[in-house]
Colleague: 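Before anything else, here's the structure in question.
Quick note on labels: first sequence line is chain A, next is B, and so on, each numbered from 1.
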Amino acid sequence: MRYWLMKSEPDDCSIDDLAAMPGQTVAWYGVRNYQARNFMMRQMRPGDRLFFYHSSCPQPGIAGIAEVASSAYPDETQFDPASRFYDPKATREQPRWFNVDVKFVAKTRLVGLPELREHAALENMRVLAKGNRLSITPVDPDEWTYIVEQLLERKTDEF
DNA sequence: GCCAACGTTGGC
DNA sequence: GCCAACGTTGGC
């Protein structure tokens with residue numbers, strides 16, 4: 001099992017929105033970056049856990065925990081001319097963009113970006129790297145455990 | 001709203 | 001295949 005961090009703009013889909021979805025599950029559509037797409041296609045497996053991160057908002061940071069609930073399949077929005085994610089170069093026969101489903105696990109207190117930066121144990125996290133823009137990043141198991149146990153004061157096996 | 005970082009595009 | 005121009009992300 002792998003661990004991830006996935007960014008979502010809370011205006012678009014917050015952790016509360018995810019919890020309110022039918023089945024508490026959402027298709028993670030709209031990824032238009034090959035590196036992030038490749039993580040979903042090649043490395044994500046159902047059951048992987050992720051930090052649900054709020055970005056582009058007043059308080060960016062980890063807002064909850066979710067799990068990967070499907071393998072990667074073609075992102076429907078690439079075929080929809082009305083969608084802001086429409087890609088005219090994508091076809092049903094040769095889709096370009098894929099997504100997984102993501103399912104709610106827990107809402108946590110908000111662990112803000114400044115707080116994450118305070119911890120030496122987390123200094124190599126991709127999301128903290130200067131200039132990082134990638135919306136999906138792998139999280140090291142040690143980093144996962146540190147955040148869950150030290151910052152959230154929960155047991156890793158709770159999630 | 002600013003701007004640094006970085007990915008993509010397209011002319012050559 | 002290079003690289004300048006451009007667009008987007010996302011923290012501040």
Side-chain angles (χ1 to χ4, degrees), chain A residues 2-21 25-44 48-68 71-140 142-144 146-148 150-152:
Chain A
R2 295 177 194 266
Y3 298 103
W4 306 93
L5 181 144
M6 294 173 79
K7 295 181 188 173
S8 182
E9 299 187 15
D11 283 351
D12 216 21
C13 180
S14 68
I15 188 73
D16 290 325
D17 294 333
L18 178 63
M21 292 279 178
T25 300
V26 70
W28 205 264
Y29 62 80
V31 170
R32 294 294 180 270
N33 170 285
Y34 287 105
Q35 228 183 317
R37 182 202 70 172
N38 291 344
F39 283 140
M40 290 196 286
M41 291 181 74
R42 298 175 186 169
Q43 295 189 30
M44 279 190 182
D48 284 2
R49 296 292 153 129
L50 58 108
F51 290 126
F52 191 100
Y53 180 96
H54 284 177
S55 70
S56 295
C57 61
Q59 281 200 298
I62 293 168
I65 290 172
E67 69 178 325
V68 176
S71 25
Y73 61 93
D75 176 339
E76 271 304 310
T77 62
Q78 70 193 304
F79 308 124
D80 177 5
S83 169
R84 60 194 254 248
F85 299 114
Y86 177 60
D87 184 343
K89 292 179 183 164
T91 64
R92 294 266 173 201
E93 294 69 35
Q94 288 211 313
R96 269 196 177 190
W97 305 110
F98 289 74
N99 60 221
V100 297
D101 290 341
V102 166
K103 184 171 191 216
F104 177 83
V105 171
K107 183 178 179 176
T108 64
R109 76 174 176 87
L110 190 104
V111 182
L113 191 50
E115 181 178 352
L116 292 170
R117 291 194 195 284
E118 286 171 11
H119 295 268
L122 305 177
E123 66 187 0
N124 293 324
M125 281 188 81
R126 293 278 295 273
V127 74
L128 303 182
K130 187 175 180 179
N132 164 71
R133 296 186 309 169
L134 203 52
S135 64
I136 299 175
T137 50
V139 171
D140 190 273
D142 291 340
E143 294 164 346
W144 179 273
Y146 185 89
I147 291 170
V148 169
Q150 305 299 315
L151 304 189
L152 298 174

Colleague: Please tabulate, one pair per line, each protein N/O and nucleotide N/O from nucleotides 2-6 of chain C that are separated by under 3.5 Å, including the distance.
Modeller:
none

Colleague: Does A:Tyr29, at its OH atom, have more than 12 non-hydrogen atoms belonging to other residues, nucleotides or ligands within less than 6.0 Å?
Modeller: no
Colleague: Side-chain contact, heavy-atom cut-off 4.5 Å: A:Arg49 with A:Trp4?
Modeller: no
Colleague: Take the C1' atoms of the five end pairs on each side of the helix from B:dG1-C:dC12 to B:dC12-C:dG1, derive the two axes, and give their angle rounded to 10 degrees.
Modeller: 10°
Colleague: Let me know which of A:Cys57, A:Cys13, A:Ser56 forms a side-chain contact (heavy atoms from CB on, under 4.5 Å) with A:Ser8.
Modeller: A:Cys13
Colleague: What donor-acceptor contacts under 3.5 angstrom involve side-chain atoms of residues 128-138 of chain A, with partners at least two apart or in another chain?
Modeller:
unit_1, atom_1, unit_2, atom_2, d
A:Asn132, OD1, A:Leu134, N, 3.3

Colleague: Within the distance-only criterion (no hydrogens, no angle test), does the side chain of A:Gln78 pair as donor or acceptor with the backbone N or O of A:Asp75 below 3.5 angstrom?
Modeller: yes
Colleague: Return the set of residues passing side chain to side chain contact (heavy atoms under 4.5 Å, CB included) with A:Ser55 (not counting sequence neighbours), or none when no residue passes.
Modeller: A:Lys7, A:Glu9, A:Tyr53
Colleague: Show the numbers, then the answer: is there a ring pair (Phe, Tyr, Trp, His ring centres under 6.0 Å) between A:Phe51 and A:Trp144?
Modeller: CA-CA 9 Å; A:Phe51 290 126; A:Trp144 179 273; 4.0 Å; yes
Colleague: For the pair A:Asp17 (side chain) and A:Ser14 (backbone), establish whether a donor and an acceptor sit closer than 3.5 Å, ignoring hydrogens and angles.
Modeller: yes
Colleague: Using the ring-ring contact (aromatic ring centres under 6.0 Å, His included) criterion, which residues pair with A:Tyr146? Sequence neighbours excluded.
Modeller: A:His119
Colleague: Run the ring pair (Phe, Tyr, Trp, His ring centres under 6.0 Å) test on A:Phe52 and A:Trp28 for me, step by step, so that the C-alpha distance in whole Å, both residues' side-chain angles and the decisive distance to 0.1 Å come before the verdict.
Modeller: CA-CA 12 Å; A:Phe52 191 100; A:Trp28 205 264; 5.7 Å; yes
Colleague: Do nucleotides 7-12 of chain C as a string where each nucleotide becomes B, S or -: B if the base has a protein heavy atom under 4.0 Å, S if just the sugar-phosphate does, - if no protein is that close.
Modeller: BBBBS-
